[in-house]
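Keep in mind that this is a model prediction, so the values were computed, not measured. Chain identifiers are assigned alphabetically (A, B, ...) following the order of the sequence lines, protein sequences preceding nucleic acid strands; residue numbering begins at 1 within each chain.
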Number of protein chains: 2
Amino acid sequence: MKDCTQCIIRNRAVCVGLETDELAVLGRLGRKQKFSKGQTIFWEGDDAVVVANVIEGVLKVSMSMSDGREQIVGIVFSSDFIGRPFGQQSLHSVTALTDAELCIFSRSTFNNFARQHPELEHKLLRRTLNELDRAHEWMLRLGKKTATERIATLLLEMSVRLGETGCTVDNGALDAFELPLDRQQIGDVLGLTIETVSRQLSRLKADGVIHLPDRRTVAIRDRARLQYLSAAA
Amino acid sequence: MKDCTQCIIRNRAVCVGLETDELAVLGRLGRKQKFSKGQTIFWEGDDAVVVANVIEGVLKVSMSMSDGREQIVGIVFSSDFIGRPFGQQSLHSVTALTDAELCIFSRSTFNNFARQHPELEHKLLRRTLNELDRAHEWMLRLGKKTATERIATLLLEMSVRLGETGCTVDNGALDAFELPLDRQQIGDVLGLTIETVSRQLSRLKADGVIHLPDRRTVAIRDRARLQYLSAAA
DNA sequence: CGATGTCTTGAGTCCCGTCAATGCACGTGG
DNA sequence: CCACGTGCATTGACGGGACTCAAGACATCG
């Protein structure tokens, strides 16, 4: 990596707040790498050898059971951080849902650098606390919500998070967007089967709440109603 | 707080690693406070004004929806940390499941102290990462597991975590323990109704996997089978 | 134009939720 | 000591929402 100061996620990733010279050091420790849609960055159970910043793209974080059931426990976007610093094994896999570009560090290298740069650890802490909040909200969804509520909640969240991925901070929720997930993956996020997902989406479409121009595209036609259906806490 | 060096969670809480003099400063910033079973430390939606270490007791971390549905998103034990540093609002409530004693700090005071003590922030980061791992495992449970699997998993986890609460690190899983949760709360952890919980427990008892001497006590008679039923990932 | 993978739709089933009654432990007061 | 009330927990009957199984529609690509 030649010049982190020009990085498009410079102001949003964990590296924000580092001095120019520190950034230069960090830059020399990492490398950029591209992954294509469907590629897995690392597997559940692997020794957690790498951590990374997401420069571009959308990736899923997932866990699975021995019989093959899979749960997606997180979706990460541009400027998010992946991997498990200060740990031995990663409990989850990370897979690219779209073509993606990452800024990769070996875990031990990153650990060492982080321990010498409290500002970086602080940013990482804040980020992890936010992730924990989000995980808790997902647990509420999975534990207590109906299929319709789950779908509505996910659509709203995707419209917000996909809207955030631009460089500015304050661009609002999108009314139309392309889902980076197929039906199976939506099911794996929400704890539903592919058929239930499909039926729920069809119903929302029939009710005029959303429009589905093609398999991957969602257009929100009645955001207020979708919000109501999501039973927002 | 007079003397943190004598604290029973001295070697397990986030304060581990602080020098004696730093510990003395931190000690003056906090105060010990007792809560009785059922008392709520802070509410979801409140301004997050306090954070705390759990000295003694078991507490639940929960979120709820406007219509009253409640999901327990975490259970915390002795030496765990509660509250939301570096945030404005707490997204969850924390309530004592047993009589408990906490070491409480105002959030802003703690934030300031933490920012000046990277070692403390580091410990907090590790702890938060562990919590995130645990949250992910819970998501897998809630999203993909059957009622039987969820109950079995919870019983095993409780047997382990209740076994850890002693001062030494390496005491193993307990074969008999008192649940700090009533049936409703078990349901709120697992995303099940009270009746389903009851039926599942009765069935495990009838099958000889566990024994239920009284409402709150669980004795594991066949751990291997319980492990099998939990469909451990 | 088939071949393939993904999505949708339908029919039937089952697990869990709902509603309701009963059981059990504990406490209080007659 | 027993009658009674209260709070949980258990158990049963029933219904519904999501899963399962299976077929059909649709798009993409060779």
Side-chain angles (χ1 to χ4, degrees), chain A residues 37-38 60 65 67-71 97-98 140-155 178-207 209-219 229-231, chain B residues 37-38 60 65 67-71 97-98 141-155 178-207 209-219 229 231:
Chain A
K37 177 173 172 172
K60 67 167 181 172
M65 296 170 55
D67 60 7
R69 281 175 279 179
E70 176 174 329
Q71 175 69 39
L97 295 173
T98 64
L140 177 61
R141 221 170 288 173
L142 290 168
K144 288 282 138 81
K145 293 197 173 184
T146 64
T148 310
E149 289 166 349
R150 294 183 204 196
I151 293 280
T153 310
L154 180 72
L155 293 180
E178 183 157 334
L179 278 174
L181 307 158
D182 63 29
R183 298 291 186 268
Q184 179 62 57
Q185 288 162 341
I186 296 175
D188 288 340
V189 170
L190 299 177
L192 300 171
T193 59
I194 188 174
E195 296 94 332
T196 303
V197 171
S198 184
R199 273 187 263 268
Q200 293 296 334
L201 286 174
S202 298
R203 208 158 71 76
L204 287 175
K205 180 181 178 181
D207 294 350
V209 181
I210 59 172
H211 184 53
L212 299 168
D214 66 73
R215 314 192 143 181
R216 291 290 189 131
T217 310
V218 176
L229 289 172
S230 77
Chain B
K37 177 173 171 172
K60 66 167 181 171
M65 296 170 53
D67 60 7
R69 281 175 279 180
E70 176 174 328
Q71 176 69 38
L97 294 174
T98 65
R141 223 171 286 172
L142 289 168
K144 288 283 138 80
K145 292 197 173 185
T146 65
T148 310
E149 288 166 350
R150 295 183 204 197
I151 291 280
T153 310
L154 180 72
L155 293 180
E178 183 158 333
L179 278 173
L181 307 158
D182 63 29
R183 298 292 186 266
Q184 178 62 57
Q185 289 161 341
I186 296 175
D188 289 340
V189 170
L190 300 177
L192 300 171
T193 60
I194 188 175
E195 294 94 333
T196 303
V197 171
S198 186
R199 273 187 263 268
Q200 293 297 333
L201 286 174
S202 297
R203 207 158 71 77
L204 287 175
K205 181 182 178 181
D207 294 351
V209 181
I210 60 172
H211 184 52
L212 300 168
D214 66 72
R215 310 189 149 185
R216 292 288 190 136
T217 311
V218 177
L229 290 172

Student: Taking atom types as they are modelled, would you say the side chain of A:Arg215 forms a donor-acceptor pair with the base of C:dT6 within the 3.5 Å cutoff?
Tutor: yes
Student: Please give, in whole Å, the distance from C:dC7 P to A:Asp214 CG?
Tutor: 11 Å
Student: Nearest 0.5 angstrom please: A:Ile194 CD1 to A:Gln184 CD, how far?
Tutor: 5.0 Å
Student: Mind checking the OG1-CG spacing from A:Thr148 to A:Leu229? Nearest 0.5 Å is all I need.
Tutor: 7.0 Å
Student: So, taking the atom named NZ in A:Lys145 and the one named OG1 in A:Thr153, what distance separates them when rounded to the nearest 0.5 Å?
Tutor: 3.5 Å
Student: Going 5' to 3' along DNA chain D, which nucleotides are the first and last within contact of chain A (any atom under 4.0 Å from a heavy atom)?
Tutor: D:dA18 to D:dC26
Student: On a heavy-atom basis, which atom in B:Glu149 and which in B:Ala231 lie closest, and how many Å separate them?
Tutor: OE2-CB, 3.4 Å
Student: Roughly, in whole Å, what's the span from CZ in A:Arg203 to P in C:dC7?
Tutor: 20 Å
Student: Output all residues satisfying side chain to side chain donor-acceptor pair (under 3.5 Å) with A:Thr217, sequence neighbours left out; order by chain, then residue number.
Tutor: A:Asp214
Student: Checking all strands, does A:Ser198 fall into the base, sugar-phosphate, or nothing category for heavy-atom contacts under 4.0 angstrom?
Tutor: base
Student: Taking atom NZ of A:Lys60 and atom CD of A:Gln185, what is their separation to the nearest 0.5 Å?
Tutor: 5.0 Å
Student: Taking the side chain as C-beta and beyond, is there a heavy-atom pair between B:Ile151 and B:Thr196 under 4.5 Å?
Tutor: no
Student: Base, backbone or nothing for each nucleotide of nucleotides 13-18 of chain C, written B, S, -, heavy atoms under 4.0 angstrom, 5' to 3'?
Tutor: ---SSB
Student: Nearest whole Å is fine: how far is C:dT6 C1' from A:Leu212 CG?
Tutor: 14 Å
Student: Nearest-Å distance, CZ (B:Arg216) to C1' (C:dC26)?
Tutor: 15 Å
Student: Look at B:Arg215 together with B:Asp182 and state whether they make a salt bridge at an N to O cut-off of under 4.0 Å.
Tutor: no
